[in-house]
Protein chains: 2
Amino acid sequence: MKKAALTRLNILQKAFELIYEKGYQTTSIDDILASTQVTKGAFYYHFKNKDEMGIAIINELLKPTLSSNFIEPLQNDENPIETIHNLIHHLLIENDFLKVQHGCPVSNFTQEMASWNQDFSNALNEITQLWITTMIEIIERGKLKGLIRNEVNANQVTMFVMSGYWGIRNFGKLDKNKLVYDTYLTELKYYLETLK
Amino acid sequence: MKKAALTRLNILQKAFELIYEKGYQTTSIDDILASTQVTKGAFYYHFKNKDEMGIAIINELLKPTLSSNFIEPLQNDENPIETIHNLIHHLLIENDFLKVQHGCPVSNFTQEMASWNQDFSNALNEITQLWITTMIEIIERGKLKGLIRNEVNANQVTMFVMSGYWGIRNFGKLDKNKLVYDTYLTELKYYLETLK
DNA sequence: ACAAAAACATACTATTTAGTATGTTTTTGT
DNA sequence: ACAAAAACATACTAAATAGTATGTTTTTGT
């Protein structure tokens, strides 16, 4: 990788970490410069302004991460009910990249930016839709295989599951304890079983 | 009501509106002064600093509102399944105080403040627990009445429902369309029916 | 090797921010 | 009525902020 590309990537990664911990608005460019050892000239060479960097974080960091952690685990699916439960379990429990006290980065970004910056909204919508359509697909496949009842509405189930995930991620920020994840997961399991 | 108390209440209400629309960090004290026509001297007479005002919004505005909109509707309950569905339906669809593009104030506050201000965390936890314990109670009552299966874990169900509500509120900020609420509500209804 | 462009560095600016210092006015108890 | 306290008003400050102006250094193609 070229040196300049490394600088850019370094900015995106360190900025993401800060934003994940402190929020977008409260992470200053000077914070990012201090954390990356990059100078202001370099920063503004790579990004027109702070918002352009924010969008780049979504498109160039979150999107690939989401693909490998949220989408791919769904691809090689045998049984949707197990697959979905395993995915959420993996994201909440095993995954140690995301911290309970800091929630879900996509959800955080949405909360903070969606209502007053359409560029952020669009970028976030794109990666969220990616997850939604994939989950709908595997539920539909499950219906064809007879593993899920035919009356089940795949879109509804997907929205319901995704909402729960975002919600418990946010509730975790209050509780600051992974135990709430267990509580949630147990009930999610029961719910998913009712789709049989 | 005394004049001074009115000033204080006016600050809290206008500040809440601004914060609900723009977020806590991005709402400046000067914004609040402009919106209330109150001077800085008056503001700092009533509040030691910005955070104290934020906590006061939670305790003196959100808490009572939550009581009348989230707790009381649960009190005169006959059938938990209907009551819970009606409550969430009311909050998401009929209620026109909350806007789809701005989400749930308590959820927003949690997202923005919980991880780095323990005072906010405590205040938010308190009013959230209020909702949780009430919902647990009516589920337990439903079990005694035979309206809900005995194996159902009231705490799990409550966390599951609350997560969904917070999550769909946040997803609404992305979608900016109340239709996602309908999708969610339909599936919530199916889920609640499985508790019978 | 060397010109041009890319990549980075430094110093600065204009605004915005929370908060303070120091007043004046209004209310309240006696 | 009047002193004391409560309530409010104005002008200021120091720090933080996003962004710019103007450089220097490094890389790249020929």
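All values below were derived from every heavy atom in this structure, side-chain atoms included, with hydrogens, water molecules and symmetry-related copies excluded.
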Euclidean distance, atom NZ of residue B/K2 to atom P of C/dT27 [Å, nearest integer] = 12 Å

request  = Would you list the pairs meeting side-chain hydrogen bond (donor to acceptor under 3.5 Å, both in side chains) in which at least one residue belongs to residues 150-161 of chain A, sequence neighbours left out?
outcome  = A/R149-A/E151

request  = Round to the nearest Å and state the distance from A/M53 atom CE to D/dA18 atom P.
outcome  = 9 Å

query = Separation of A/R8 atom CZ from C/dC8 atom C1', in whole Å?
reply = 15 Å

message = Using only atom types and a distance under 3.5 Å, with no angle test, would you say the side chain of B/Q111 pairs donor to acceptor with the backbone of A/E112?
response = no

task = State which residues pass ring pair (Phe, Tyr, Trp, His ring centres under 6.0 Å) with A/H46; sequence neighbours excluded, sorted by chain then number.
result = none

request  = Answer yes or no: does a side-chain N or O of A/H46 lie under 4.0 Å from OP1 or OP2 of C/dA6?
outcome  = no

task = Not counting sequence neighbours, which residues clear side-chain hydrogen bond (donor to acceptor under 3.5 Å, both in side chains) with A/E193? List them please.
result = A/K196

note = Here the salt bridge (charged side-chain N to carboxylate O under 4.0 Å, His left out) pairs for residues 166-176 of chain B, sequence neighbours left out, are none

query = How would nucleotides 14-23 of chain C be written as a contact map, 5' to 3', with B for base contact, S for sugar-phosphate-only contact and - for no contact, using protein heavy atoms under 4.0 Å?
reply = ---BBBB---

message = Could you work out, with side-chain hydrogen bond (donor to acceptor under 3.5 Å, both in side chains) as the rule, every residue matching B/S163, not counting sequence neighbours?
response = none

Sequence neighbours excluded - salt bridge (charged side-chain N to carboxylate O under 4.0 Å, His left out) pairs with any residue from residues 21-44 of chain A = A/K22-A/D31, A/D30-A/K40

inquiry  = Once side-chain hydrogen bond (donor to acceptor under 3.5 Å, both in side chains) is applied, do any residues pair with A/H90, and if so which ones, sequence neighbours excluded?
reply    = none

key: Separation of C/dT10 P from A/Q37 CD (nearest whole Å)   = 12 Å

ask   = Name the stems with DNA chain C in them: runs of three or more consecutive Watson-Crick or G-U pairs, distances under 3.5 Å?
value = C:1-30 with D:1-30

